[in-house]
Each structure stands twice: as C-alpha cells, then as structure tokens.
Peer 1: 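This is the structure, below, for whatever I ask next.
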Protein chains: 2
Amino acid sequence: MSKEIPYKIYLEESEMPKQWYNVRADIKTKPAPLLNPATREPMKLEELEQVFCTELAKQELDDVTPYFDIPEEILNFYKMYRPSPLVRAYCLEKKLDTPAKIYYKFEGNNTSGSHKLNSAIAQAYYAKKQGLKGVTTETGAGQWGTALSMACSYFDLDCKVYMVKCSYEQKPFRREVMRTYGASVTPSPSEETEVGKKILSEHPGTTGSLGCAISEAVEVATKTEGYRYVLGSVLSQVLLHQTVIGLETKIALDKYGIVPDMIIGCAGGGSNLGGLISPFMGEKIRGEKDYQIIAVEPASCPSLTRGKYAYDFCDTGKVCPLAKMYTLGSGFIPSANHAGGLRYHGMSSILSQLYDDGLMEARSVIQTDVFEAAEKFARVEGILPAPESSHAIKVAIDEALKCKETGEEKTIVFGLTGTGYFDMYAYESFHDGTMTDYVPTDEDLKPGFESLP
Amino acid sequence: MSKEIPYKIYLEESEMPKQWYNVRADIKTKPAPLLNPATREPMKLEELEQVFCTELAKQELDDVTPYFDIPEEILNFYKMYRPSPLVRAYCLEKKLDTPAKIYYKFEGNNTSGSHKLNSAIAQAYYAKKQGLKGVTTETGAGQWGTALSMACSYFDLDCKVYMVKCSYEQKPFRREVMRTYGASVTPSPSEETEVGKKILSEHPGTTGSLGCAISEAVEVATKTEGYRYVLGSVLSQVLLHQTVIGLETKIALDKYGIVPDMIIGCAGGGSNLGGLISPFMGEKIRGEKDYQIIAVEPASCPSLTRGKYAYDFCDTGKVCPLAKMYTLGSGFIPSANHAGGLRYHGMSSILSQLYDDGLMEARSVIQTDVFEAAEKFARVEGILPAPESSHAIKVAIDEALKCKETGEEKTIVFGLTGTGYFDMYAYESFHDGTMTDYVPTDEDLKPGFESLP
C-alpha cells in the first residue's frame, strides 16, 4: 500500500472497536491469580465483589474469554472523546533527521488529560448498573481521580477520592478540576479512616503514598453501604478497558498498511502500556507477527528493571488482595524529588508475566532526560506531554536516533498517554535547573523488599 | 439529507480549507481604516510595516480581496492540530431536555488550549519569511502568549512576551508553558521600556492592563533591529486567519446538510467570533441565507453593549494606530474581580461595523452565571471550558432552554474557543462561593470614556 499518511489518522465512529480484548485468553502462562490476604487462597468472586462491582470482579477473574462487548452506554461516552488520533510525528522525524517513521497514539485530548478515562467510564458504568450510590478511589498525580470524577459526574454517582497528600498540596488545580465534576477530595492519609489514623500515628507528618491512599479508599468502600472501590491501573480489568487504545491503534495502522517494528509505552501500574500493546502482543503470542515491545519506567521507581517477581500486597495497609507482580515491595516510597506519576511499587500481573516470559523488554530512564525529551517533543509536535508519557517519548527518540546511525527505516509507535498542564511545577524546576535525578542504590531498595510478605 | 450525525464531525485533511476568507470584501459599509495617531490620517503600508510584518500589514489594509491562499507551511502546521472537531452536544441537549440541536466548534484541542494558535502560526510564518529574528507581543490571560510561543518555537523565532502583571503573578503555570516553548516572559508594566517606566511612575503598584502591555511590546519591536510586533486579536489580519474556524464549521455542516439558525460566540477583541461567523456573515450580507448571530461579552467589560462607536487608541501608551471601534476607552481598566480574558477595552473594527449595521446582536452576562454554565457543560460534555468560552455556553444554554419552552427545534452553533486548565483559581473561587459579580455603573464607565481622543 502506498496511501499518503496524514498527520493524524482518525477512525470513523463506525470503525471504532466494539469489544475489548482480553490478552490473558492468549497468554500461555496465565498471570497468577489474586490471593486472599488472610487465607492466601485465590480470591473467589464472592470475595472480590465485596470490594469491586460484580461485573468488574468477573472481568478480573476471567482469563479465558478473549473478547468482551463494550456496553452501548460506554460506546456512546467513548464517542464524546474517541477515537483518539494516531499521529504521524513528521515534525519530530524531521527535527531528529531520522529515517525512522514515528507514530504516537495521543490519549490526552479529553479533559481528564489522559487515557485513564477509558477505564473510569467503564467502571462508573458498571457501578451505576449495579445500583450503587458511589465509588471510592485513590489518586496520586491526579489523572485517575480526574478521569473518575468526570465519569461519575456523567452517571450521577458519588465519587470520593483519596489523594496522596503531597500531590493534594502541590496540585491544588487538579483538586479543583475534580470538584468541578462534583467529587469530594480528601488528602491521604486522613483522620477519616482507621487505616489512615494508624499510618498517621506510626508516621506522623508523612506526605502519603499511593499504597496508603488505596488502603483508605478500600476501607471506606467496604464500610459504606452502596459503595465499591475502583482502581485506575494494575488490575486486569483496567488493562482490559484500556485495550481500546491498542485496538484503535491497530485498526488505524492496518487501514494504511503500516506494520510497526517497535511499540513503546510508559509503565507505572501498566494500564496504558497493557492497553496499547495487547492486540499486538496477542499476535506475537500466537506467532502471527513479531514486534519489539518496550516498557519504560522511571529509574527512581524501577519495578520491572530492578524489582522482584513475587506475591506482594497491593496497598500499604495490607487490606487488599495479594498480587504476583514485579514489585519493589509495598513499603517502597518513591524519592521526594520524583515528579509526576509512575510511582506505584508494583506492576500489573499481566505485564509482569509477559516480561518474565521474555515477550517484552523494560528500560528505566532518569527524569532530567525525560523532561529534556518532553521539551524537545513539545517544541516541534506542539503537544505539551505529561511527565509520565514523556518516558515513552525519551525512548522513542533514542530509538529513532539509533535508526539515524544505522540507516534503518524502522516504524516506531509509542503511547502519548496525556498532557502536562498540571505538571508545570516539574517543568519549572527543569527550566530553572533545580530538578534532580535519583537512582536508588541497592541499599535504598532494601526496606521495600523487606516489606514483601 | 438524513445522514446520522456523529458526536464529532471531523473533516478529512483533503477537506480542510486552503484559503482564508476576508469578510471585508463583502461588507457594504467598509470598516473604518486605522489612523496614524500623530496625523490622524489613514495608516499607509509603509507606516504599518514599521510595526507589523509586511505581509500582515498588507492583509490589514486589504478590504477588497475575498480570499487569501493559506501558505503551505501554515497548512502543514494546521494539520498537526486541525481540523478541530465540530461536536454535536447530544449529552447537553439531553440534560437540558431541549428540542434544540446544539453544536460546538471546539478549538481547545491543542497545547495552547485555544483558537489563538490559528493566527499565531500565520503571524510567525510571515515573520520568519521576512527574515526577522523575532517578535514581541502582549498577553493577558495567557492564551495568546502561549500560542505565539508555540508558533515561534516551530519556526525558530525569538519570542518576547509582555504579560499583564496580575496574570503573570496569578498564573505562573502559563508562564512556564511559554518558557517550555522558549519564550521570554516579562511582567508588564516593566522597567525595560520607556512607556513601562512612565506608567509605573504615574501609577506605582499598578497590576497592569492589556493596553499597557501592548505599548511595551510595540516599543520593543520598533526599537529592536529585526523585530516586529504581533497581536492576538482585534486586528483584521487576525480575524482573517481565524476564519479557518468558520470555514471548517461550514464545510462540516454542509457535509451533513445542517443549516444553523443561530451562531453564538464570546467576544473580547473579536478574533474567535469574527473567525467563526465570517463565512456565515458573508452569506447573510449577500442575502443568500439568514442567521441570528450573537456576540457574548462579560457584563464587567461590555464594549459592544455599553461602549461608544468611536475612534480610540488601541493601547494605553497611545503609540499604536487609532481604530474605530465600540470601545470603553483606552483608560478603562476591568474590575479586579474579573476572571479570565475578554478584558480588552475595544472591539474589532470589522465586528463593530457589523454590529452597528444591525447584522449581529450582542449580550452581556455576569461571571457567576458564566461559571454555572461552564460547570453544567463540563459535567455532561466532559470538556472543561475556559471562562472566555463559557460566555458562549451560557447564552447557548439560555437559547436552548427558550426552545424547550417554545418547542422550537432550532439549530444552535457556538464557538468553544478553549480549555480552562489554567483558570482553576477562578473555578476554585466559584466553588468556594467567593466569586463576585460586577456590573459597572455609568459613573464607573466615565473615566474610560474621558480617555477617548
């Protein structure tokens, strides 16, 4: 095929995917099941649905059904901000003077500013359908909390967000966006929950962590009539919803006869990366195609590149199920100089298994390099990327520059998960030269590993 | 035609307009020319090109050529973020339970967050083509400065922004975005210019105004070798570039056989409104179609609804040409409680003439009503609107609710010029109930009118 490739490939509404793809159905070594933290037995539906909406709990447990229909209400919501564009980075290619062809799937063109909305609207839908009053959740950098607030506002559900205290204080505007959508936002740890009080008494003055905020949100969900807990990453149900990213990407590429050599995504809990790569990984597992797949994580929170593959607690309060994952230990606290998200101690059990099976690679990058790449990208491609997304940009640029050396015309696809409008403090410290890097020593990682069960 | 209308109508790249439309060519009473502030004679090209790039000065003076080719470099840049979607507000219609059909042209899906980029890239292009080193400008709320920074970064031009001091201090993140794109940002009035020093000595502690910042930017442009001044609104050249909004809107509507009854836009200097309505106004002037066209302005800065139609200075320092416009006087300073943009003392001379000719209406709205409409819109349509854009939302909702009463199925199109990510202070004051309204008394407007020449 030799159709001219536009700057932005948009699908028609009629071309949008109508099903999510469950890559677990194709994975040969199934990801290990969640375990009950008390009994260490695999979680059963009736246990999971105490915490999660029933439909979502079913999705979480299902590793055999390859496709799930996307309910019509969700499809209609998707139509408000999807399909997202697959962009040919002509200007970046020119700037880098590379023979590589670079594409990025841009998920930032919605008010939540990131891909998180894809799963938020699904989870809110199932909560509404179950007749719930509301949901609880945690948020770190704020992308997930924002997305969930929007989704709950759409379905007229109450939304209680526990926001990691340091983010709550550093990002008052994120909080205001959530309030605009009617959510209540509480800095975590708080005095509102037993687990919050316990953490505060043990660590007075703590600025919180995702692990703490999860514990608080779960406690409130399980103690409040008509509420369930929802999570923005890590879980298999979340990756399932996020496959809309990869499915759209694949349809757009197929439409123009483009076959990528390499797919790159940033990875914190794994929701974006998992969603982007799933359909491609399916082909790879089934032996139909081969792709180089690269997860990029911060050097300061290196769960894949330096973590252990083990069962671990998902939260600091140890009230959640155990998951088998690449983890730095639930006691791991990211360094204070770490800007942006990608700060969770573990990685999606699906991605952990794929990584362990050698089906994907992982790289870690330092944050000043990430912001340098972000600024370079912004100046030629226009979009101001989120720090998280910029991890993928950094490696995409590295790979494109390798192509320049070797003369290879590789096709690179990366996930541009969101925008950085609420991350200007971090950009400011980069501009002012006060941003620092941190690569933990083995000694630094010890306390986290000691918290492993 | 009865094609099903999608949530978002995107044009193909091949359908994008390749020319801008100069509505002045069709206007029967031509807008009055700019006057030299010293001689009070119409500005000649050789005078204008001391301040503006030569091609832009030519565009400014040309009121007979109906179409200008969009240069290929600009078309290519447009392809990075355009076409912008024309969105059918299905969810808002449902929420309002109105028989009206509501569409909005959304210009916020680019990093500058607003329509301003459409003219910024054009102006930067002509500056580069002329071999200039850089440009100077002013910015208030920051949308224009951000857009120009992006455009200059793309063409590798230096960009000096004079930012109204109160915005500079209240919106540090806007400043950081501009720095990300390599611009220098100076709070205005500053000690860097003669006019800045003069204003500071006469009004110590002033928090600045657009009029002051324009004076400073013009002074620097005219005193610095290889620089020119560029402006983000008011001028006819800016409206010309912004017609890409209206042209795309019209192509999208025509594609689905939709004929609007009513077109609504917010109006500060008039760049968005003028750009949106131009092609429709052309048809109206030529007697081919009839549309109700409504300009919406803040009650606290009511140039159309309460201003005088007169020649006035465009800037506080009185160094710029005089323009005939609806104006509150160059000495008018918006109330301190006014959030967001739309704070310029005058209105585009094109729109002023059209308004004077009775070809469009104007309404003023108070800001708590605007934020209430903004929040309502955000909760159902997802997008977090800029305060400026929300003026149009307010009147669109009012009109849709009138249709509910009368049962009329009117088709309403409004301009959603941008996003409110950098306006969360204002949203916060709205949520906290501390936001106040201000409608100037006739007495309050007196000092402004006394500054008229």
Side-chain angles (χ1 to χ4, degrees), chain A residues 4 6-8 10 12-14 76-83 85 87 89-91 108-113 117 121 146 149-151 153-154 156 172-177 179-182 371 374-375 378-385 419-428 430-432, chain B residues 4 6-8 10 12-14 76-83 85 87 89-91 106 108-113 117 146 149-151 153-154 156 172-177 179-182 371 374-375 378-385 419-428 430-432:
Chain A
E4 199 187 331
Y7 277 69
K8 298 186 301 304
Y10 277 111
E12 301 287 326
E13 273 183 13
S14 57
N76 283 341
F77 189 90
Y78 278 171
K79 285 180 191 167
M80 283 170 57
Y81 72 100
R82 308 198 66 81
V87 186
Y90 281 117
C91 298
N109 266 357
N110 70 73
T111 283
S112 82
L117 194 54
I121 193 65
T146 307
S149 304
M150 288 178 64
S153 150
Y154 184 76
D156 205 15
F173 295 160
R174 270 282 181 210
R175 184 188 69 213
E176 284 313 315
V177 179
R179 285 177 75 194
T180 301
Y181 288 94
F371 276 83
E375 191 165 278
R379 289 189 182 189
V380 291
E381 288 289 321
I383 296 166
L384 183 81
T419 50
Y421 299 117
F422 294 101
D423 300 285
M424 297 317 295
Y425 271 129
Y427 272 96
E428 185 174 17
F430 175 68
H431 297 147
D432 293 343
Chain B
E4 199 187 330
Y7 277 68
K8 297 186 303 304
Y10 276 111
E12 300 287 326
E13 274 183 12
S14 57
N76 283 342
F77 188 90
Y78 279 170
K79 286 179 190 168
M80 283 169 57
Y81 72 100
R82 309 199 66 82
V87 186
Y90 282 117
C91 299
F106 180 44
N109 266 356
N110 71 71
T111 282
S112 82
L117 194 54
T146 307
S149 304
M150 288 178 64
S153 151
Y154 184 77
D156 206 15
F173 295 160
R174 271 281 180 208
R175 185 187 68 213
E176 284 313 315
V177 179
R179 285 177 76 195
T180 301
Y181 288 94
F371 276 82
E375 190 163 278
R379 290 189 180 187
V380 290
E381 288 290 320
I383 295 166
L384 183 81
T419 51
Y421 300 117
F422 294 101
D423 300 285
M424 297 316 296
Y425 271 129
Y427 273 96
E428 186 174 16
F430 175 68
H431 297 147
D432 292 343

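Every chain is numbered from 1 and lettered A, B, ... according to where its sequence line falls, protein lines coming before strand lines.
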Peer 1: Only pairs of heavy atoms separated by less than 4.5 Å count here; which of A:M150, A:R174, A:E12, A:E375 has the most with chain B?
Peer 2: A:E375
Peer 1: So that I know where these two stand, are B:F422 and A:Y421 an aromatic pair - ring centroids less than 6.0 Å apart?
Peer 2: yes
Peer 1: Step by step, work out the side chain to side chain contact (heavy atoms under 4.5 Å, CB included) result for B:R175 and A:E428.
Peer 2: CA-CA 9 Å; B:R175 185 187 68 213; A:E428 185 174 17; 3.1 Å; yes
Peer 1: Looking at every heavy atom in both A:M80 and B:C91, which two are closest together, and how far apart are they?
Peer 2: SD-SG, 3.3 Å
Peer 1: Which pair of non-hydrogen atoms, one from A:V177 and one from B:M424, has the smallest distance, and what is that distance?
Peer 2: N-CE, 3.4 Å
Peer 1: Describe, in one word, how the ring planes of B:Y425 and A:F173 are oriented to each other, choosing from parallel (under 30°), tilted (30 to 60°) and perpendicular (over 60°).
Peer 2: perpendicular
Peer 1: Between B:K79, B:R179, B:E381, B:H431, which has the largest tally of heavy atom pairs under 4.5 Å with chain A?
Peer 2: B:H431
Peer 1: Give a yes or no on whether a salt bridge exists between B:K8 and A:E13, defined as a side-chain N under 4.0 angstrom from a carboxylate O.
Peer 2: no
Peer 1: For A:N110, is it the side chain, the backbone, both or neither that has a heavy atom under 4.5 Å from a heavy atom of chain B?
Peer 2: backbone
Peer 1: Quick one: CG on A:D432 to CD on B:E176, what's the gap to the nearest 0.5 Å?
Peer 2: 6.0 Å
Peer 1: At their closest point, which heavy atom of A:I383 faces which heavy atom of B:T111, and how far apart are they?
Peer 2: CA-OG1, 2.9 Å
Peer 1: Under a 4.5 Å cutoff for heavy-atom pairs, which residue among A:A89, A:P85, A:S153 has the most contacts with chain B?
Peer 2: A:S153
Peer 1: Among A:Y181, A:Y154, A:Y81, A:F77, which residue has the highest count of heavy-atom pairs closer than 4.5 Å to chain B?
Peer 2: A:Y181
Peer 1: Only pairs of heavy atoms separated by less than 4.5 Å count here; which of B:D156, B:D423, B:N109, B:T180 has the most with chain A?
Peer 2: B:T180
Peer 1: Count the heavy atoms of every other residue, nucleotide or ligand shown that sit under 6.0 Å from CG of B:N76, and state whether that count exceeds 12.
Peer 2: yes
Peer 1: If you count heavy-atom pairs within less than 4.5 Å of chain A, which of B:G382, B:G108, B:G113 leads?
Peer 2: B:G382
Peer 1: So which part of A:T419 gets closer than 4.5 Å to some heavy atom of chain B, the side chain, the backbone, both or neither?
Peer 2: neither
